[in-house]
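Per chain, numbering begins at 1; letters A, B, ... match sequence-line order. If you're wondering where the values come from, they're calculated on a predicted model, not measured in any experiment.
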2 protein chains.
Amino acid sequence: MTRRPQKKPYHHGDLRRVLVETAETMLREDGRFQFTLREVARRAEVSHAAPYNHFPDKSALLAELGMVGFDRLREALVASRPKKVPTLREEFVEMSRAYVSFGVENPALYRLMFSPDVGSDVHLSERAVSAFRVLVELLERGQQDGVVRKGAARTLSAACWAQVHGITMLTIDGLFMPETVGAGALETALAVLFEGLER
Amino acid sequence: MTRRPQKKPYHHGDLRRVLVETAETMLREDGRFQFTLREVARRAEVSHAAPYNHFPDKSALLAELGMVGFDRLREALVASRPKKVPTLREEFVEMSRAYVSFGVENPALYRLMFSPDVGSDVHLSERAVSAFRVLVELLERGQQDGVVRKGAARTLSAACWAQVHGITMLTIDGLFMPETVGAGALETALAVLFEGLER
DNA sequence: CTCCAAATGTTGACACGAGCAACATATGGC
DNA sequence: GCCATATGTTGCTCGTGTCAACATTTGGAG
């Protein structure tokens, strides 16, 4: 009789996961990146200090969210490959679109992933590099097929990463809009980039 | 006798400007973007509520700083033109370097310029577009010389902007470092980009 | 010159978030 | 069964953004 499942037990049981998920939801709702630990606790129906049993401080929770974000991004990139056997260029464009879409659809999360608020967490950088590697592999295949110029694949990939990251950020900031940069700017940017990659 | 110049007069005289300059200094010192209105007031040797006579709220001061930042950036771009009559490519590379240097040398300010904390201030966007136009003009000249592919110059410029913005941001975040992206990644990225711009 | 309205500063409040400490309750290994 | 530990709670302290009430200056209008 000490346990009444319909009433909340003293111990939550899986609070850490719930906190992360709740925070994720808040990021998705907010658009703006502005959430408080206390608000997360409130939504999780837990006292304002409870999160400190699972995260040393706020930025640790943010770092966790950032890692989740990079994992998601990585998955989105991997999943972007077209079904039909595509040309490398098609594959490249699809992956780039997937990247930008991810950021535009999750602006607060995306910004968080690159925010200084998460501190310079080593694990976070590792996740970022892990997502980055998906791009490196694509370019390596392109080099084997002779479609992509010679050179260190990770260096060429960095150029691509910078390009899509820049497009994503500017779009989120409302600076990459048709009235400013013209229609079809995304397509143009990707075309310029890819043609620069060709030998 | 009501005025004693060596003692601080009740009215500051030019507080608005001092606040902006103080805040700028703090941004330069901080590296991290983390400053408070009260700290600005403290440094300006003024009461904590004094800034509210000049800015409706914190984000208004931030927006002002952002505008200053875009003006500085614009000046840096304009000043980047090499002395000797250069090829367009040289000019392009120099301007890009100047852009990235600006961001890397003023990380907190640069981040602020693209931060959601400043709100979507219309004036800020205008300043951003104004800086952006320097790039558009360069590409238009390139098109007249037949060095740059045809197409709306502002759309091609957007691709460049995204590239240098991405490089700058990733560098500030410590993700565009040699151990991750290889040595000479900046040069490679700019080469890829420029060659993509050529017809 | 005088006097008042507006501009500009100051003090003191309030609400709220981060983080810490002391305490309460559950859990799991012995 | 019992106690160390993990997990939650309550209640503080401190700092920040913002507002309201009040003080001091300044710049005209008369």
remark   = Between B/Ser80 and B/Ala98, the two heavy atoms sitting closest are CB-CB, 3.6 Å

message = Tell me whether the side-chain N/O atoms of B/Ser47 come closer than 4.0 Å to OP1 or OP2 in C/dG9.
response = no

ask   = D/dT10, C/dG19, D/dG8: which one has an atom nearest the side-chain heavy atoms of A/Tyr52?
value = C/dG19

query = Can you tell if the side chain of A/Leu197 reaches within under 4.5 Å of the side chain of A/Phe92, non-hydrogen atoms only?
reply = yes

request  = Looking only at side-chain atoms of A/Arg38, point me to the closest of D/dG8, C/dG9, D/dC12.
outcome  = D/dC12

ask   = Looking at B/His48, does any N or O in its side chain come under 4.0 Å of the phosphate oxygens OP1/OP2 on C/dG12?
value = no

task = Indicate whether OP1 or OP2 belonging to D/dT16 is found under 4.0 Å from a side-chain N or O atom of B/Arg42.
result = yes

message = Please report the distance, rounded to the nearest Å, between CG in A/Leu37 and P in D/dG8.
response = 14 Å

ask   = Of the nucleotides D/dT18, C/dG9, C/dG19, which has the atom closest to the A/Asp57 side chain?
value = C/dG19

message = Can you measure A/Phe55 atom CZ to D/dA6 atom P for me and round it to whole angstrom units?
response = 17 Å

key: B/Thr180 and A/Arg154: side chain donor to acceptor below 3.5 Å   = no

ask   = Can you tell which of C/dA18, C/dG12, D/dT16 lies closest to the side chain of B/Thr36?
value = D/dT16

ask   = Under 30°, 30 to 60°, or over 60°: which ring-plane class applies to B/His165 and B/Phe114, parallel, tilted or perpendicular?
value = tilted

ask   = How long is the line joining CZ of A/Phe35 and C1' of C/dC16, in whole Å?
value = 16 Å

Between P of D/dT16 and CG of B/Asp117, the distance in whole Å = 16 Å

message = Is it the case that C/dG9 (base atoms only) and B/Asn53 (side chain only) share a donor and an acceptor within less than 3.5 Å, ignoring hydrogens and angles?
response = yes

ask   = Separation of A/Gln34 atom CD from C/dA18 atom C1', in whole Å?
value = 15 Å

inquiry  = What's the separation between atom CG in A/Leu190 and atom SG in A/Cys160, rounded to the nearest 0.5 Å?
reply    = 9.5 Å

note = Of D/dT7, C/dT10, D/dT9, the nucleotide closest to the side chain of A/His54 is D/dT7

